[in-house]
Amino acid sequence: MSPADRLLGRRHVLRLGVSGLGLAALGAAGCGSAPVRTARSTVGQVDFRHALHIPPLAEPTRVQGDDGARLTFDLAAQEGRAHIVDQGETRTWGINGDHLGPTLRARRGDTVIVRFTNGLSETTTLHWHGMHLPAEADGGPHQMVEPGESWEPSWRIAQPAATLWYHPHPHGETEAHVHRGIAGLFLLDDDEEEALDLPREYGVDDIPVIVQDRTFDAQGQLVETSHRNNGMLGETVLVNGTADPVLEVSAERTRLRILNGSGARSYAFGFEDGRTFAMIASDGGLLPAPVRMERIMLTPGERAEILVDMEPAEEVVLRSFPQDLGLTRGMADSTGSGDELDIMLLRAAQTLRPASALPSILARLEALEETAASTVRGFELRTNRINGRSMDRGRIDEVVTAGTTEIWEVWNDHGQPHNVHIHDVQFQILSVGAEPPPPELAGWKDTVYLPPHERVRLIMRFSDYTSTEIPYMYHCHLLWHEDQGMMGQFVVVAPGEEDDVDVAPRLGDDGSGPREPGPHGH
Ligand code: C2O
Ligand code: CU
């Protein structure tokens, strides 16, 4: 029996009522020999009954200096057990705890020192997703930490307030390590954000919402399910590691910092009653102004901060609606984008902290000008390769000069869903296909969805931190694709050092490589 058959078999058992999670619209229709996954719905079928876990704020040692503090965080990866589902205690991984990790928090100008110890039985890394920092502090596949060993990266926070996150990044094992439970938020603060009248009491009206889909077996253990085309899809959606989560809301207006921490699944978050919310921040920080929305789509690795208003004593479900990823029906079903999933119940108290008026302006966003760009690079994503090549830790694919602005044209040249994440920088989106970015994509981003056959143009500035040796990564953030090699490496070098790097020639240089940037026909 193939893993896929086993999965479907299990689903049928679940459907007969072994699990409390209702599974609707499940089909096992055969298509050739491969079973086909069809869209599923958990609408109205999740028994919300567990108080949402709020990851604790990490408590660094703090030494105040004249221009910011020095914060030292002690983080230890460990194996543990967590009570998540009724079937039994789940063996999990976590940081300073059994499952997931604490929320780190620092201000612009602070110097961060992390003392990370790997208490796991496998080599891993810890990567600071969205952070501008020196390549040796990045925690990618070049900063492997052996079991029992420690690693001590340090950098100064030099970017706006934002909801960033951290997760392991060992090449080939990232999906598994995140799946077992290592991930957490890294919140950045600054004066500009703090001057705004926004909910900001952590765990009270400012809530971390880490969304991850997992499958559990009859003993409550995590199941590494079939990868199919795009990576593991889970049947149960956890928020901050909590199944069937309930958020007790105590304010008229609540800020949700939503992270899609799943490996392969995308979500289109909204509320069951269609109420709108105000989106205030994307991956890299505040949007210029709040954007009224009914749905926000987040692909793996993306974040959004939203403000939702509630009346006293009311309840509303945060739901993920089917997403339009631009895929064929079969591909959409196999990547879960047709699924409709109840995520979390928000339950408002009888009396709520009053909300003040929503600020109409949030941040001044300096638009990066196309005319300032000195280099345009093209990246074609297809069949787990970028520009025809599979990730090789020994190969530098691109050399970037510090102090320059570049345009990266990225296109997904086949029918599978991909996104692209670039380390070290936050970028702005110039266009998606022929269109300018919609408002939710018009702020700072570090990860963006790539609809099949559409060219997405990104602009970014590479500032400081140079090395001719240690690269940063760019890759698809569907973790299975990344693990399969859909990743490349770039170095940022000082002006004049470009020739010191032994860079791999582009395959296209001899006519054998990728075609010119799309869009191509469908
Ligand atoms: Cu969130 Cu290279 O990773
Ligand atoms: Cu991908």
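In each ligand, atom 1 is the first atom listed, and ligand 1 is the first ligand listed. Just so we're clear, the structure is a prediction, and the values are computed from it rather than from any experiment.
Vertex the Cu ion (ligand 2), arms ending at ND1 of H418 and SG of C476: the angle is 130° after rounding to 10 degrees. The angle H423:NE2 - atom 2 (Cu) of ligand 1 - H475:NE2 amounts to 110°, with values rounded to 10 degrees.
The atom of H477 that is an N, O or S and sits closest to atom 1 (Cu) of ligand 1 is NE2. Of all the N, O or S atoms in H481, the one closest to the Cu ion (ligand 2) is ND1. The N, O or S atom of H129 lying closest to atom 1 (Cu) of ligand 1 is ND1.
Around atom CD of E152, more than 12 heavy atoms belonging to other residues, nucleotides or ligands sit under 6.0 Å away.
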Requested in this report: Report the C-alpha separation of W411 and F379 in whole Å, then their side-chain angles, then the decisive distance to 0.1 Å, and conclude whether the ring-ring contact (aromatic ring centres under 6.0 Å, His included) test is met.
Outcome: CA-CA 6 Å; W411 68 104; F379 298 89; 8.3 Å; no
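The two atoms that bring P417 and T335 nearest to each other are CG-OG1, 3.6 Å, heavy atoms only.
In this structure, M297 CE and Q323 CD are separated by 6.5 Å, a value rounded to the nearest 0.5 Å.
Residue H169 does not count as close to atom 1 (Cu) of ligand 1, with no N, O or S atom under 2.8 Å.
H418 pairs with exactly one of D413, L381, L325, N230 by the side-chain contact (heavy atoms from CB on, under 4.5 Å) rule, that one being L381.
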